[in-house]
Structure formats: structure tokens, C-alpha cells
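What follows is one structure encoded as C-alpha cells, with my remarks underneath.
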Amino acid sequence: MKGKHHKEDHYHMQKSFIASCFYLFLGCFVTGVFAQQQSPEKVHIYILMGQSNMAGRGSVTDDYAKQGHPRLIMLNQAGEWVPARHPLHFDKPKVAGVGPGLTFGIAMANATPDAVIGLVPCAVGGTPIAKWAPGAYDQKTHTHPYDDAAARIRKAMETGMIKGVIWHQGEGDSNPASASVYLQKLETLIGRVRTLVGDPTLPFVVGQLARYRAGYQLINSELLKLPNTVPYTTVVSSEGLWHRGDGTHFDSPSASEFGRRFAKGMLALQKVTAVPLPNAADATEGWEHLFAGNDPNVRWRSIKGDRFPDEGWRVEERTLSVLPGRKGGDIITREQFSDFELVFDFMLSDSANTGLKYFVAPLKNAKGKTVLNGPEYQLIDDFKHASVSDNKSPETSTGSLYLLYAPQHKVLHKSGEWNHAKIVAKGTHVEHWLNGQRILSYDRGSDAFRQLVSGTKFSEYGMGYGEAASGHILLQDHGDGASFRNIRIRRLR
């Protein structure tokens, strides 16, 4: 027996020595990274906030103790950057263990190979959301959860750029009274953190509470409303995750899987928040971005409802695309505009037919039904669409005022290539531009305009078509693929 114990002790000492050497090496690497680091833009920092399941309570076995990444660091309790490893958090040192933060960080490092990923642990076990307010004190841990987090965030900002927040909390609010005001408090917290960081579009990824306790669904039902309430947020699923045996805390495999789900949600949000900041000329000249890569739900909605369509439209690489199949339906701006200058880039798929409408307002048709409609800047593949190829129908070709006025002297790039369009509307006078050339102009409500309308299907609206004082901008889902980018507008009065 003595020999057996001796061998086991030797084995554990050897493992401990190897682990020490590894972390010494990793620490030297981290120091080297910062010694060579020239730009804070290359240090991507993520904030880990919430209560015990964010802090982590899974068992730290030898395998979990070895996990890490050479470009992944964490801010420790002393405010120093050190190699990131389990446990990340120090809210309750005796029980802190495996949480979602480390696998989240590893996934983010793998997804951004040119950056160092910094994690800022801020979670505090057992804290209801009321404790995440300025000045709030948690007596059990002798901490000020929000104030302490704010101090760590400010410290981290000296080193790099805050790229996002992951949040898991709500077990302490899983009762009817607290759940009824949870979403409001979470919205306030998100706004407060974004103000602190100075980024109103900072991605905020929220994890669902566990599925294994019925009471937790009070909070999960509120979280479902978050993405439609607060822009640049998403909620990741806890489906299939399990506890460590206490019915409350995720076990190590589940916490690790949750971290990967957080990373997937973060990467998806970062695609839609990768918005180029308006340059000085934009601000000075009054331009507003209707879409420049941001969440389209902020300024657009379905023509059929109050939210952006869940399918049929896609945001990718700062481009808004309508997908073939007519599943999304038309979208309109939430706001109406009167005098304006609108610019946008568009690219059509082969033989595509779509359009952009403006001054879209309620009109009563011949059947007495009220519909939204307005003048249309036609967008169609002039080269391949059967209805307009070979100059068959110029009044329905790209750049036309659909069915009414044909464009003149236009230069159109083929499908698969970008074109630049502009519409200028001041008073009743409207101009269509394409790739730097004015291609038509007309006056809404003039005798000539009304006469043309009377000879088309739009005559069913009487004299109201195209004559609204203000209206929405509309992008059509005509069943064909088309892409839009850099959609900007400025008010002319």
C-alpha cells in the first residue's frame, strides 16, 4: 500500500509541476502579447455579468483545469490581466467553479484570430436584479455588484475595447412579483452599461434560465420579449442543459456548452451591429442611416405588423437582402417622411423584379379596403427579365416611376453588381437618379401626373395616389432576390 500511495503522490506532483509550467509559460505569453500590442482595437473585452450560474459552480476536474487559450486572458480580483482558466470568478471562492465564461472566450478567440480576448468576471452568486443598480449592496457577499462591475469595466477599458456583455441571472427573481418588472429592470441595466462603455449598440447576450425548474419559466417568458424591446440584444437557449445534482446549478459539461451558445449569439449580434459610424459630413449635412448594417428592426417593420419579419429577409456583412420565395413580405420604415433626399445601393439577382416605394400612405381601393401604397422607384433586371428586356416596357424598367414615367439616359449595371440610386422629393417635385445621373423628374398631383395615373391600375385610388403630404419608405418582397446597403435619408425641411 505504501508503494502505491508513493506512486500516486509522485504522479500528482508531476501533474502539478506540468500544470505550473504551462501556466507560467502562458503568463509569459500574455505579458509578451501586451508588450507587442500597439492598438487597443486588437484587445477585445467581454463582460461576464449575472449570478451563480454565470460565475460557475461546476466541478473543476483536472481536464477542466487545463482548459485555456493562448490569446485568452482575464481580469483577476487584483485588477491584473492573467491567463484565463477555471474558475474565472471570485464572488464566492470556496464554491466558484466551471461556468460558461471560459468556453465563451475560447470560441471568441477562435472566431477572431487577430485579437486577444479579455474576460472581465463580474457575476455575484445569489443576487437578484435589484442588486445590479448603482449603490446597491449585497450583504451576503459584502459587495456592490453593479458598482464593482463598473469599476472593473473602467479598468478593462484602459487596455482594450469592450465588445459585448453576456448575462445570466434571474433565479433570484423567479417569483410573480419580481418577474413582472424584470424586463424593465434589465432594459435599464443594459442602457446603463452601454452608457458607461459609450456604445449604444453594445451587443448584450442573455442566457435563458434552466429548464429543469418550473419556476424559472417566469423569467424565461419575459426574456422572450427582450429582442423586440431592446435593440442589439439576443437570448440564447438553455434547452438540454442539466444541473450538477442540486437542482440549481449547471454541471460542468452544461456550463461549457452554454458558453459556446453565448459565443454563437454574440457573433450573430456583432454582424448586425458592425455599423460604420456616420462620418463628420453625415452629421453636418443631416444624413440619417435607415440601414447601414445595424439591426433593421430599429427603423423598419413588416407592413403587416410591428416587428421586422422573422424570415424572408437577411442581414449579412452590412447588407440587407430579401430572399427568394416571398416569405418575408414588404417592409416599411417606422417613421414617415415628407421632403427628403434618399440614397441607397442595390444589387439584383438574375431576372429579379422588386422596387422601393415612397410617400407610402393609407389609400382606399375600389372595394373600399384601405391599403398602404405609394409611388415606386422600379428595380428590375433590365437585361434578363422578360417584361422589360430589349426595351419592351421602359415605364416599368429600373429607375422608372413604375407604370407612369420612363427613365432617360440611364446607365445600369447588370445583375450581381451594385448600383447607386437617389430620390429627391421637395414639395410636389420629385427626381429619380441612378449611378450619378438624373433620369426623370415629375410633379405629384399635377394634371400630367393625374392623367397618367388615370390610365393605370392606380386609378382605383382616385386622385389620392402619390399625393400624400408624408409617408413611409417601403422595400418590396416581390419573391425575387435583391440586396440593399447604405440606405440613408436627410430631411429637406
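Position 1 is the first residue of the sequence; numbering continues from there.
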> Any chance the side chains of R261 and S238 put a donor and an acceptor closer than 3.5 Å?
Replying inline: no
> Which atom pair, heavy atoms only, marks the closest approach of C122 to R152?
Replying inline: CA-NH1, 3.7 Å
>> Testing the basics here: between L209 and I219, what is the closest heavy-atom pair and its distance to 0.1 Å?
In response: CD1-CB, 3.7 Å
> When rounded to the nearest 0.5 angstrom, what is the spacing between CG in L189 and CH2 in W167?
Replying inline: 5.0 Å
> Within the side chain of N76, is there an N or O that forms a donor-acceptor pair under 3.5 Å with the backbone of E80?
Replying inline: yes
> Is a side-chain N or O of D381 found less than 3.5 angstrom from the main chain of S415, in a donor-acceptor match?
Replying inline: no
> Rounded to the nearest 0.5 Å, how far apart are OG1 of T233 and CG of L269?
Replying inline: 7.0 Å
> What pairs of residues pass the side-chain hydrogen bond (donor to acceptor under 3.5 Å, both in side chains) test when at least one of them lies in residues 96-124, not counting sequence neighbours?
Replying inline: K42-D114, H69-N110
>> What's the separation between atom NE2 in H89 and atom CG in L48, rounded to the nearest 0.5 Å?
In response: 5.0 Å
>> Closer than 3.5 angstrom, by distance alone: can the side chain of D147 be matched with the main-chain N or O of G135 as a donor-acceptor pair?
In response: yes
>> Working note: R334 + D306, criterion salt bridge (Lys or Arg N to Asp or Glu O under 4.0 Å); need CA distance, chi angles, decisive distance, verdict.
In response: CA-CA 9 Å; R334 295 186 178 277; D306 193 45; 3.2 Å; yes
> Which atom names give the shortest non-hydrogen contact between L202 and I162, and what distance separates them?
Replying inline: CD1-O, 3.6 Å
> Quick one: does S178's side chain have a donor or acceptor within less than 3.5 Å of a partner on S174's backbone?
Replying inline: no
> Do you know which two heavy atoms are closest between S59 and S252, and how far apart they sit?
Replying inline: O-OG, 2.8 Å
> Hey, what do you get for NZ (K225) to CG (L186), rounding to the nearest 0.5 Å?
Replying inline: 12.5 Å
> Going by heavy atoms in the side chains, are M54 and P100 under 4.5 Å from each other?
Replying inline: yes
>> Whether the side chain of H44 engages the backbone of M161 through a donor-acceptor N/O pair (distance < 3.5 Å, no angle test) should be reported.
In response: no
>> Please give me the minimum heavy-atom distance between F291 and T319, naming the atom from each residue.
In response: CE2-C, 3.7 Å
> Which atoms form the tightest heavy-atom contact between Y212 and G247, and what is the distance?
Replying inline: CE1-O, 3.4 Å
> Can you tell me if E222 uses its side chain to pair, donor with acceptor, with the backbone of L183 under 3.5 Å?
Replying inline: no
> Going through the checks in order, is the side-chain hydrogen bond (donor to acceptor under 3.5 Å, both in side chains) test met by N435 and N419?
Replying inline: CA-CA 6 Å; N435 292 321; N419 291 273; 2.9 Å; yes
> Do the side chain of T234 and the main chain of G265 share a donor and acceptor less than 3.5 angstrom apart?
Replying inline: no
> Which residue, H243, H249, E171, Q169, forms the side chain to side chain donor-acceptor pair (under 3.5 Å) with N53?
Replying inline: E171
> Between E341 and W287, is a side-chain contact (heavy atoms from CB on, under 4.5 Å) present by the stated rule, with each step listed?
Replying inline: CA-CA 9 Å; E341 181 176 354; W287 287 104; 3.8 Å; yes
>> For the CG atom of L320 and the CG atom of N486, what is their distance to the nearest 0.5 Å?
In response: 11.5 Å
> Side chain of S254, backbone of W242: donor and acceptor closer than 3.5 Å?
Replying inline: yes
>> Could you check whether any side-chain N or O of D251 sits under 3.5 Å from a backbone N or O of G58, counting only pairs where one atom can act as donor and the other as acceptor?
In response: no
>> Does Y358 form a side-chain contact (heavy atoms from CB on, under 4.5 Å) with L474? I'd like the steps, not just the answer.
In response: CA-CA 6 Å; Y358 50 96; L474 178 150; over 6 Å; no
>> Centroid separation under 6.0 Å, is that true for the rings of Y46 and F104?
In response: yes
> Are the side chains of S52 and F250 in touch, meaning some heavy atoms are under 4.5 Å apart?
Replying inline: no
>> Pairing donors with acceptors under 3.5 angstrom, does anything connect the side chains of D345 and H420?
In response: yes
>> Regarding T248 and R213, do their side chains bring together a donor and an acceptor under 3.5 Å, going by distance alone?
In response: yes
> Run the side-chain contact (heavy atoms from CB on, under 4.5 Å) check on L356 and I423 step by step: do they pass?
Replying inline: CA-CA 10 Å; L356 181 145; I423 301 168; 3.7 Å; yes
> Just wondering, more than 12 heavy atoms not from E417 lying within 6.0 Å of its CD?
Replying inline: yes
>> In terms of relative ring orientation, are F340 and F337 parallel, tilted or perpendicular, with 30° and 60° separating the classes?
In response: perpendicular
>> Walk me through whether R211 and S237 qualify under side-chain hydrogen bond (donor to acceptor under 3.5 Å, both in side chains).
In response: CA-CA 9 Å; R211 307 287 183 90; S237 173; 3.0 Å; yes
>> With heavy-atom distances below 4.5 Å as the criterion, would you say the side chains of I47 and V193 are in contact?
In response: no
>> Taking the side chain as everything from C-beta on, heavy atoms only, tell me whether L379 gets closer than 4.5 Å to F484.
In response: yes
>> If the threshold is 4.0 Å, N to carboxylate O, is there a salt bridge linking R299 and E288?
In response: yes
> If you measure only the distance, is there a donor-acceptor pair under 3.5 Å linking the side chains of Y137 and H142?
Replying inline: yes
> Please walk me through it: do Q336 and H472 pass side-chain contact (heavy atoms from CB on, under 4.5 Å)?
Replying inline: CA-CA 4 Å; Q336 298 186 43; H472 303 275; 3.6 Å; yes
>> Any heavy-atom pair between the side chains of R314 and L323 that's under 4.5 Å?
In response: yes
> Side-chain contact, heavy-atom cut-off 4.5 Å: V165 with V197?
Replying inline: no
> Is it true that a side-chain atom of R85 and a backbone atom of A65 form a donor plus acceptor pair closer than 3.5 Å?
Replying inline: no
> Between N220 and Q217, is any pair of side-chain heavy atoms under 4.5 Å apart?
Replying inline: yes
> Roughly how far apart are D480 CG and I380 CD1, rounded to 0.5 Å?
Replying inline: 8.5 Å
> Taking it one step at a time, do D91 and R57 satisfy salt bridge (Lys or Arg N to Asp or Glu O under 4.0 Å)?
Replying inline: CA-CA 11 Å; D91 61 318; R57 298 295 186 255; 2.9 Å; yes
> Going by heavy atoms in the side chains, are Y377 and L342 under 4.5 Å from each other?
Replying inline: no
